[in-house]
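Working notes for the structure below.
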Amino acid sequence: MEQKEDKLKEVISHAKEYGYIFPSSEIYDGLAATYDYGQLGAELKNNIKSYWWKAMVQMHENIVGIDSSIFMHPKTWEASGHVDAFNDPLIDNKDSKKRYRADVLIEEHIEKINQKIEKEVEKGFKRFGESFDEVQFRATNPNVLRNAEKMQEIENRMRETLGKNDLEGVHQLISDLEIVCPISGSKNWTEVRQFNLMFSTELGSVAGDASTIYLRPETAQGIFVNFLNVQKSGRMKIPFGIAQIGKAFRNEIVARQFIFRMREFEQMEMQFFVRPGEEMKWYEYWKEARIKWHKALDLGEKNYRFHDHIKLAHYANAAADIEFNFPMGFKELEGIHSRTDYDLKQHEKFSGKKLQYFDPELNENYVPYVVETSVGLDRMFLSVLSASLKNEKLEDGSERVVLKLPAPLAPYKIAIMPLTKKDGLPEKAREIFDALKYDFLCQYDEKDSPGKRYRRQDAIGTPFCVMVDHQTMEDNTVTMRDRDTMLQERIAISDLNSKIASKVDMKFLLNK
Ligand code: GAP
């Protein structure tokens, strides 16, 4: 646990030191759970957006992208169910005065039991080696079976109580499981209450209910209300998707763990409109497509897993998370939801406008079903940053801190350095910089020893460093150093562009 906290602290301090992420309004001591992306953070964020947009929009003939406004007509949120149902069940510990989401406390308890199962399986592996039959072991080992049954029981009770909004039942479950506050260690809990997560504000100068509007808690509704506009103007045929990247706001009860849970964050969402009855096929399709997109980054296959939702959102008939192994452990990175025809039907009801599609093949009108993929951009950022940050021991006994970002996502692709500040080397280095800057974000760096400059570029994740030396002046070659292997090769300046492109082009990720 301590190790995990240390890792998160390391990521936070590295992000600040190198201009990736700063606490917001820091000169006023910051604002809880709000962060600003610095000069390198903004670049990495843009590259992640671009990776997503290319994969979802550019690579799919039947998916288009929009950019809808943050403010929407207040009826939108009545129709979507957010006014009534976008709540978290919260509970306070009276001793530590800390507030928790009741469902998260229970899920964490379930995860602890799951860990016991995994430990038992690990022991089995160790005991039986090659001949270990994991499936058989899981199906027959008494400890595994007992714990699996326990998990199932808790899950059932949680599903039932939350489903019925039985808050006393949720409280009882927490008592029965003897869940203690991680801070005070006590079981001295308040009752469980519901808390709406939407931020509201006043429109114009008129105060009162009629003018209350909300900051959107998800980008998806901007897509639903534009469903017909896009379908008709783009002559889209079902199945088709609408994608968007944008800010969302939630008054999170427990906003913490750096950029993992913020009150202002960005989502990259895609709603895929399908024929009723075909939604489960597409749900499975998008689950696979999305995990493949994540894994193409090579941050470690084992860092991803699916988690099927126990408590379904008010609009979904199936939902799964792609979880990532963050420094704090496995947590939700992306949600894939089968949202049925709930949203479009609700908007039909509240707006009085038909939101239907005429299917020429079936010769009938219907309200399409929707499968949604929704990934948090900030969480994506944290997954990339935390998995890339490495402390390496080198052969000569020294250490280096290196940010092994996937090269297509790295802010600077190349650092161009003159070996010394004289003999025309800086001018030559600038010439190379000027030739490459049209294709790549480059950094010119002439300060300090080459070793120090390499370390600086390692720490910010620049995949390549080019050194201009005296030989360059004679034969127009440079040394190019690879961040990950630290190997240097001598190459012609005229080959630089294609060499770099072959490593940093986004298409290598997209083709995987
Ligand atoms: N439109 C569906 C929707 O909004 P969600 O599971 O509530 O579903 C989708 O959110 C994704 O948005 C999450 O998987 C997560 O990556 C991101 N997200 C949600 N709340 C967040 C928060 N408070 N801070 C950062 N990211 C958040």
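Whatever order the structure lists ligands and atoms in, that order sets their numbers, starting from 1.
- Remark: Asn317 engages Ser338 in a side-chain hydrogen bond (donor to acceptor under 3.5 Å, both in side chains) (not counting sequence neighbours).
- Between His294 and Tyr304, the ring-plane angle classifies as tilted under the 30° and 60° cut-offs.
- Side chain to side chain, Asp343 and Gln271 fail the donor-acceptor criterion of an N or O pair below 3.5 Å.
- Ordered by chain and residue number, the residues placing a heavy atom less than 4.0 Å from ligand 1 are Glu218, Ala220, Arg250, Glu252, Phe260, Arg261, Met262, Phe265, Gln267, Glu269, Tyr315, Glu332, Leu333, Glu334, Gly335, His337, Arg339, Glu372, Ser374, Gly376, Arg379.
- Looking at Asp95 and Ser184, their side chains never bring a donor and an acceptor atom within 3.5 Å of each other.
- Of the possible polar contacts, one joining the Gln346 side chain to the Ala79 backbone as a donor-acceptor pair under 3.5 Å is found.
- In this structure, Asp92 pairs ionically with Arg99, as a charged nitrogen and a carboxylate oxygen lie closer than 4.0 Å.
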